[in-house]
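Presented below is the structure to which this report refers.
Proteins come first, then strands; the chains are lettered A, B, ... in the order of their sequence lines, and each starts at number 1.
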Amino acid sequence: MTSPHFSSATPEEAIAAWVRAGSRSEQFRAALLALLPEQVLLYAGRSTNETTRIRGHILATFERIGLPTGVLPYVIEELESGRDAYLVAAAAKAIRGGHVSDCKYLVPFLNKAIRNMQYLDSPVSFETYKALRWPVAQSTTALREIQRTLAWLNIDEEKDTVVDCCDTSSPVLRTVPVSGSIATVELEDQDGKRLRFSDFFVGRPSIVVFFYSRCDNPNKCSLTIAGLARLQEALDSGNLKDRVALAAITYDPLYDGPARLRSFGEHRGVRFGESVRFFRSTSGLDTLRAHFDLGANFIGSIVNRHRIELFILDARGAIVGSFNRLHWDRDTVLQQVEVLVQQNSVREPAIRGVAVSVLSGVVPGLIALLPKCPLCLGAYMAALGVGGLQLMPSWPWLLPALTLIMFVQLFFVFQRSKRSGRRLPLAVSICGSAAVLAGSVFLTLPVVASSGVALIVFGSLVNSIPRNNPLPPQAPAR
Amino acid sequence: MDVKDYRKRIEQRLAQESSSAKSYSDLLDESTSPAERVKGLSEAVGPRAEADLAGAFAVVRNTSEHDDVRVAALASIATAAREREDLLDFLLRLLQDRDQAVVLRRAALTLLLQLRFNSAVLNRKRADFISALRTIVDDPDYQLRSDALETLAQEKDEYVQRRLMDSLTNEGPRLVEPEKAIQLLGYDIHAEQYPFLREVVRQSPSAAVKREAVRLLSADPTSKDLLVDMFRDRAENDEVRRASATALLSLAPEEFETYAREVVLDEQESDSVRAACLSAFGHFANPTERANDGPLNEYLLDLHGESASGPLEKAVRDYKMKYRVE
């Protein structure tokens, strides 16, 4: 059974009525579950309060119709981070739709919810949807529902230990490297500098979180950014500084300008730098949303509901992992990133390495061997069986062009040696280039030029050999 | 006089006063005059014994007692009520009981609002408190209704936000004045309110209502152009223009600076708006740009001493001091 076609224009009362009338069937449970992701069209353009009412009503209904496993991340999210009495009460009620023996591990989350709601509790009603007057015939509170669920679980007291529940890290979302419209999405950072998505996220692994400064739940965006700052500390102390990029992108680009981005990050301990930046999209927010399948929805340009989300991208900018909805563990994220960094330094594209090596030998070779004067050209032509003196029309430009290409090749060697930390290939290539120029342009000594070519080829070959980096030291435990 | 002697004299005088003062239980006695009871209860530390506490409650509950005495007795139990759940429940019930005198119910609410700051027990009973406040959102007494609305709005209560919007859009009964209702929504402004607020700004005949609506639009980037128009419209009420300037300053500080500069340099402009712009420059502007703004600074040098408006002169003086314009 699928839900009727609910759009952003469907009155919430109609949605509530349909939910209330649903049966205890697997199909109906699946249909309700399908309405919980934040990015569902149903929530587009709705206010935060309306979104909360609909979601709370859906969650609470699982008490009556049974609790499918897929709902658990949503339930735990509310217990762990939620601060809205209606949603937290609904989550506590939903648990009672499951089996007692299957739900004992949720006790620490219920205890966490008690701490969250201790001074935030509010009267709510699940019997009257969107009460027009108060008091209503039947009301409850978040704390009352939590206590009822604890009693249902036969829990008198419980140790305050958090148990790993659900793996909220997602499987690989996509491995296609960044290309197309996402690559060209324009971003502006906390200093007002503009760049494209691929300029920052391609070239090294990266961690990106989403947030917005007007988030009124301190357990979500504020905590996420504070967590990002702790990640930064761990990366810096673990030898991964500048080898992994860190980024945060705002859901609210119209409001979160550069000054707000900087302020929000600095106040939570983030130290900005070339590889640690906050962004807003100046164009293409919809492209970003689609690319990351963001768990957020909006009324106009303003967020009405969002989840906690962290993504790990590899050096090609492909999303290779994500942590959604629940608070992510810093060490778990670091472990995944460390593996990525190791893979990145080992797995260079073979073709690119060979091409660079070949190019690095051919170009200097051409410089060394190319005839420098018309008579030499004639000699070459005679040797090759081509009669007649015939000057290459582009000869005046060829040597400078090839010299330029040789310097370009040196630049690539420099870039690669910077990433790998090896200086020998660069030194050898520089000496070789100098020898080629000296031997073929200034001194006309073929031996010197040929030696230079050999040095360049050698340096490039060594540079393209993958280096086995030792694992970085373990990040310190929290 | 020696300090010790002085202290001794004061202590003797206090002891004399307290011995002649009526005891708390005497103040509860109906035979004492109401005026004396009110004065005494207002100054009393409060009931020290459980019997006195019970007596105070009896006075509060006694509908034949003078209302002022009941209110004074209620106020005197504040300290005792702080950590007593039964007393707090009593106050919550009293607040919602429309059969009780309004002055007594107002006193109960005042007491509860005070206890929010120092009663952990009351804060743990937040749900009951919110429920009680929601019940008096429709109370016939304006003061009770208004205080309840304000408290609920500060607590970001979804129910009261909905009721306030309904009252503004004529989908529900009017609860307080429209400008007050809009002001209360500002405690937790939501995006769905922006279209309504923009309409209010464009069409409301009341400057007070427009001012409050403009204030809330400072969080809506899509309202920027509207705020610019309001700010630059000389036909608009000065209060509304100043509020628009403040909102624009929050949304788009650089644009604000550009327009504000034009306003300051325009002698046809309202002095109060010019003064507000200069004050904003003094606190929020880019200091380098202000210090290097030759034409503006020269103009202000000439302006000083010639302006008829006190606030404008003061704003000019402060600006010059801030940016060392001499």
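Between chain B and the options A:Pro135, A:Ala131, A:Gly300, A:Ser301, heavy-atom pairs under 4.5 Å are most frequent for A:Ala131. Among the candidates B:Lys224, B:Gln161, B:Glu158, the residue making the largest number of heavy-atom pairs closer than 4.5 Å to chain A is B:Glu158. Of the listed residues A:Arg214, A:Arg144, A:Lys130, the one with more heavy-atom pairs under 4.5 angstrom with chain B than any other is A:Lys130.
When heavy atoms are compared at a cutoff of 4.5 Å, B:Asp138 approaches chain A solely by way of its side chain, counted from C-beta outward. Contacts between A:Thr141 and chain B at a heavy-atom distance below 4.5 Å involve the side chain alone, from C-beta outward. Residue B:Ala219 touches chain A through both its backbone and its side chain, counting heavy-atom pairs closer than 4.5 Å. The contact between A:Arg133 and chain B is made by backbone and side chain atoms together, counting heavy-atom distances below 4.5 Å. A:Ile302 touches chain B through its side chain: at least one heavy atom from C-beta onward sits under 4.5 Å away, while N, CA, C and O do not. Residue contact with chain A, scored on non-hydrogen atoms closer than 4.5 Å, is absent for B:Phe129. For chain A, no part of B:Glu155 is nearby; none of its heavy atoms comes within less than 4.5 Å.
A salt bridge does not link B:Arg126 with A:Asp121: none of the charged nitrogens is closer than 4.0 Å to a carboxylate oxygen. Electrostatic pairing of A:Glu50 and A:Arg53 does not count as a salt bridge here, judged by no charged N lying under 4.0 Å from a carboxylate O.
Between the side chains of A:Asn219 and A:Glu80, not a single donor N or O lies within less than 3.5 Å of an accepting N or O. No hydrogens or angles considered: nothing links the side chains of A:Thr250 and A:Arg280 as a donor-acceptor pair under 3.5 Å.
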* **Test side chain to side chain contact (heavy atoms under 4.5 Å, CB included) applied to A:Trp18 and A:Leu35, step by step** => CA-CA 12 Å; A:Trp18 177 81; A:Leu35 295 180; 3.9 Å; yes
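In this structure, A:Phe272 has its ring center under 6.0 Å from that of A:Phe278.
Evaluated for a side-chain contact (heavy atoms from CB on, under 4.5 Å) with A:Ile299, the options A:Thr48, A:Thr51, A:Asn304 yield exactly one hit, A:Asn304.
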